[in-house]
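Below, read A as the first sequence line, B as the second, and so on, with proteins coming before strands; counting in each chain starts at 1.
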Number of protein chains: 2
Amino acid sequence: MNITISDLSKMTGLAKSTISGVLNNKEGFSEKTRQKVLQTAAQYGYVPNEIARGLTSRFTKTIGLLIKDITNPFYNHITKGVQEVAAEHGYTVFLCSSGEDHKMEVEQIQAMVGKRVDGLIIAPLLEEVSFDHIYALKRKKLPFVLLGNIPGLDCDTVEFDDYSGGKQVTEHLLQKGHTRIGFVNGLNTSKAGKLRFAAFQDTLFAHSITTDPKYIFKEAKSLSDGYAIGNQLIAMEDRPTALVCFDDVIAMGVIKAFDNAGLKVPDNLSVTGFDDIELAIFPLTTVSIPTLEAGKALAQTLIDRIMQERVSKSKHIVFEQKLIPRASVKQL
Amino acid sequence: MNITISDLSKMTGLAKSTISGVLNNKEGFSEKTRQKVLQTAAQYGYVPNEIARGLTSRFTKTIGLLIKDITNPFYNHITKGVQEVAAEHGYTVFLCSSGEDHKMEVEQIQAMVGKRVDGLIIAPLLEEVSFDHIYALKRKKLPFVLLGNIPGLDCDTVEFDDYSGGKQVTEHLLQKGHTRIGFVNGLNTSKAGKLRFAAFQDTLFAHSITTDPKYIFKEAKSLSDGYAIGNQLIAMEDRPTALVCFDDVIAMGVIKAFDNAGLKVPDNLSVTGFDDIELAIFPLTTVSIPTLEAGKALAQTLIDRIMQERVSKSKHIVFEQKLIPRASVKQL
DNA sequence: TTGTAAGCGTTATCAG
DNA sequence: CTGATAACGCTTACAA
């Protein structure tokens, strides 16, 4: 069905190794043979079987990418970055989503290992979860780079400074005169959420401000979660004056709820997010995160590691987060 | 580095074929051997080399997905759908983006064919472009399904009824009393755009309404394109009263421009989009498109075709588009 | 400059 | 019930 190198060998009367050599641009073939091979290959639409090639060469020119949800702007920008540099270097990428489910994460990684990817980029669940599968990778000496880090695990990482981001928004809110501030956190399995929240609490504590526990929400992960929380807030008589959301998507959900109820942001509630997603046309004060660049860095780091045959020591890249003040926070 | 079946063979003292048989749940092995194999395999963390497996079995359990831009909600929802169904059936998916570039499209498909995917899902450029690479697939008898259709090419397809969508919005606008209506089209390579625009023109024509050519824009593909067009519109003294945009992302760009200029939608301009993306918290009148479902249908159709060994005749699935009236259109 | 042969990790076939 | 052996399509010594 698919033409092979031995087919070409028979057709041209040349040996398989000759065909292979020419096709791989090796030196030392007469122009005549070279032409003959190239021509008949083109004529019959020969496409080398990379999979057979991978068997001998130990390289599949494939990398795996495991993210949480392709539908989330944060992850699809990372994906785009990975994609771009992978393609530049001739790699194809397997895309897998864990959907924030640990079992799925383990399975998908396993599947990609089985398919003998040359390396893996993983955005793992980082809290309240076992890392056995990641350690297994390390033991196998399969190159991989993590988005985020696992304490005590020495490997390449790309990270964002979430603590700083959390601190920046909180201080901004404080400066604007807010003292009754709520926080909507993401999933418990997210380390970014843990760090942002820690920064939030620490910063408030440093200013001797305490938060009412009823202003703290958890486990939000979608626009509809944000929407539901927005409605809870609307129903409270002593609402906070400001709300820090784990990401822009959630923030948009909250804003939508207020909008639907005829309330205004920031007049009735100041709202902030994280990610600075382009689609949020609402002038949302947020913390920008260089996701596209991080994706590129992720892929570049992995490819470097694959080439170097894992000699050099681990690389750790940290991207800064930066507050983007816009109009969703009111000066009190 | 990676443990193989022959390693297991040596360790257990059993033959390779025995190991292979047990691992693949074949009948006819004593419970004793079975246990022995399974146990040592687990002990040493054996992961079958799918790539070697693929060499003999002719199946790689991998499918390829080629889209235009993962960052666009339309495509990432399709991707999510494909992903889900693929994972359910034990397939891993290669994700490639053409970035709306024909050369890239050809190359990426070529790469995936080289990696011997079992089948391909392609969202190809459909206008002003050659289809040689698609015909080559057909000749190779490699299963594939298209998002959209190519006239004269008999293959599985999943489509949206873009003409109907275009007609629905246009009629809606007419009903609301608009007669000076503009249109922002997507790229020339998009058939969806061609169809939506044709419906737009036909519908206006049927109502004996003509559009001013200066109200027609082309080649928009991003929020910033929409933004720029919004600004052009703002600068016009005789603006249209309504604007049909190729998709929600572009529409959001237009709205953003108006917002920034202190103008209001729909008071100063009625705007509509396509896709009904969740993130558009602005109450945008749009045409909803079941992208997630389409993604699932795409994957299911492909997998069916792979199993059936391409006997049955081509399947064509058409998803309807549906107008979702919201508040971005003003009653005149 | 070209050809032969072995090997990559599996599965399949066919004896034992 | 188990074990050799060939085959999948390619690369790579090594030989001619």
Side-chain angles (χ1 to χ4, degrees), chain A residues 1-38 40-41 44-62 90 111-118 140 142, chain B residues 1-38 40-41 44-62 90 111-118 140 142:
Chain A
M1 181 179 325
N2 246 313
I3 190 166
T4 77
I5 222 171
S6 353
D7 295 336
L8 288 180
S9 156
K10 278 175 207 144
M11 296 172 156
T12 56
L14 295 165
K16 281 170 28 172
S17 54
T18 308
I19 313 279
S20 169
V22 171
L23 257 20
N24 288 296
N25 283 316
K26 300 259 149 116
E27 302 275 284
F29 295 96
S30 66
E31 197 49 32
K32 198 177 140 210
T33 7
R34 176 168 239 98
Q35 282 313 318
K36 196 167 176 188
V37 172
L38 257 23
T40 54
Y44 290 93
Y46 170 75
V47 180
N49 185 335
E50 290 295 335
I51 190 163
R53 179 128 69 183
L55 235 203
T56 33
S57 77
R58 320 285 298 180
F59 285 107
T60 55
K61 278 287 186 177
T62 298
M112 294 194 278
V113 171
K115 299 211 162 149
R116 293 303 187 266
V117 291
D118 292 340
K140 271 205 169 58
L142 183 65
Chain B
M1 183 179 324
N2 247 314
I3 189 167
T4 78
I5 222 170
S6 351
D7 295 335
L8 289 180
S9 156
K10 278 175 207 144
M11 295 172 159
T12 56
L14 296 165
K16 282 173 22 174
S17 49
T18 307
I19 313 281
S20 169
V22 171
L23 257 20
N24 288 294
N25 284 316
K26 300 260 149 113
E27 301 276 285
F29 294 96
S30 65
E31 198 48 30
K32 199 178 138 206
T33 358
R34 178 169 237 97
Q35 282 312 319
K36 197 170 178 184
V37 171
L38 258 23
T40 55
Y44 291 92
Y46 169 75
V47 180
N49 186 332
E50 290 295 336
I51 191 164
R53 180 126 73 181
L55 233 204
T56 34
S57 77
R58 322 283 296 178
F59 286 106
T60 55
K61 277 286 184 177
T62 297
M112 294 195 278
V113 171
K115 299 212 162 148
R116 294 301 188 267
V117 292
D118 292 341
K140 271 205 169 59
L142 183 65

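For A/Lys16 against C/dT4, a side-chain-to-base donor-acceptor contact under 3.5 Å is absent.
The nearest whole Å value for the distance from the CZ atom in A/Phe59 to the C1' atom in D/dG9 is 19 Å. Rounded to whole Å, atom P of C/dG9 lies 12 Å from atom CG of B/Leu55. Between B/Asn25 atom CG and D/dC1 atom P there is a gap of 16 Å when expressed in whole angstrom units. Taking atom CD1 on B/Ile19 and atom P on D/dT5, their separation rounds to 17 Å, with Å as the unit. C/dT11 atom P lies 8 Å from atom CG of B/Leu23, rounded to whole Å. Nucleotide D/dT2 holds its C1' atom 12 Å from the NZ atom of B/Lys32, rounded to whole Å. Here D/dA16 presents its C1' atom at 16 Å from CG of A/Leu14, a figure rounded to the nearest Å. Going from atom CD of B/Glu31 over to atom P of D/dT2 covers 11 Å, rounded to whole Å.
B/Ser6 comes within 4.0 angstrom of no nucleic acid atom, judged by non-hydrogen atoms across all strands. Residue contacts shown for A/Gly114 are absent, as no nucleic acid heavy atom lies under 4.0 Å away.
The B/Ser30 side chain lies nearest to D/dT2 when the options are D/dT11, D/dT2, C/dT11. Here the nucleotide nearest the side chain of B/Thr33, chosen from D/dC8, D/dT2, C/dG3, is D/dT2.
Here the OH-CG distance, from A/Tyr46 to A/Asn2, works out to 9.5 Å after rounding to the nearest 0.5 Å.
Considering only heavy atoms from C-beta on, A/Leu142 stays 4.5 Å or farther from A/Met112 through its side chain. Two residues are said to be in side-chain contact when any heavy atoms from C-beta on lie closer than 4.5 Å; A/Ile19 and A/Lys36 fail this criterion. A 4.5 Å side-chain heavy-atom check between B/Ile3 and B/Met11 finds at least one atom pair inside the cut-off. Between A/Thr4 and A/Asn49 the shortest side-chain heavy-atom distance does not fall below 4.5 Å. Side-chain contact between B/Thr62 and B/Glu50 is absent, with no heavy atoms from C-beta onward closer than 4.5 Å. For the pair A/Arg53/A/Asn24, a side-chain contact is recorded, criterion being any heavy-atom separation below 4.5 Å from C-beta on. Proximity of B/Arg116 to A/Val47: side-chain heavy atoms (C-beta onward) are separated by under 4.5 Å at one or more points.
Between B/Arg34 and A/Lys26, it is B/Arg34 whose nearest contact on DNA chain D lies nearer the 5' terminus. Closest-nucleotide positions on DNA chain D for B/Ser17 and A/Thr56 were compared, and the one nearer the 5' end corresponds to B/Ser17.
Listed by residue number, A/Tyr46, A/Pro48, A/Asn49, A/Ala52 are the residues of residues 45-52 of chain A with a heavy-atom contact under 4.0 Å to DNA chain D.
Regarding contacts with the backbone of C/dT11, a side-chain N or O of B/Ser20 is found under 4.0 angstrom from either OP1 or OP2. In this structure, A/Thr18 reaches the C/dG3 phosphate: one of its side-chain N or O atoms is under 4.0 Å from OP1 or OP2. When the side-chain nitrogen and oxygen atoms of A/Arg58 are compared with OP1 and OP2 of C/dG9, one or more of them lie within a distance under 4.0 Å. For D/dT11, one of the phosphate oxygens OP1 or OP2 lies less than 4.0 angstrom from a side-chain nitrogen or oxygen of A/Asn24.
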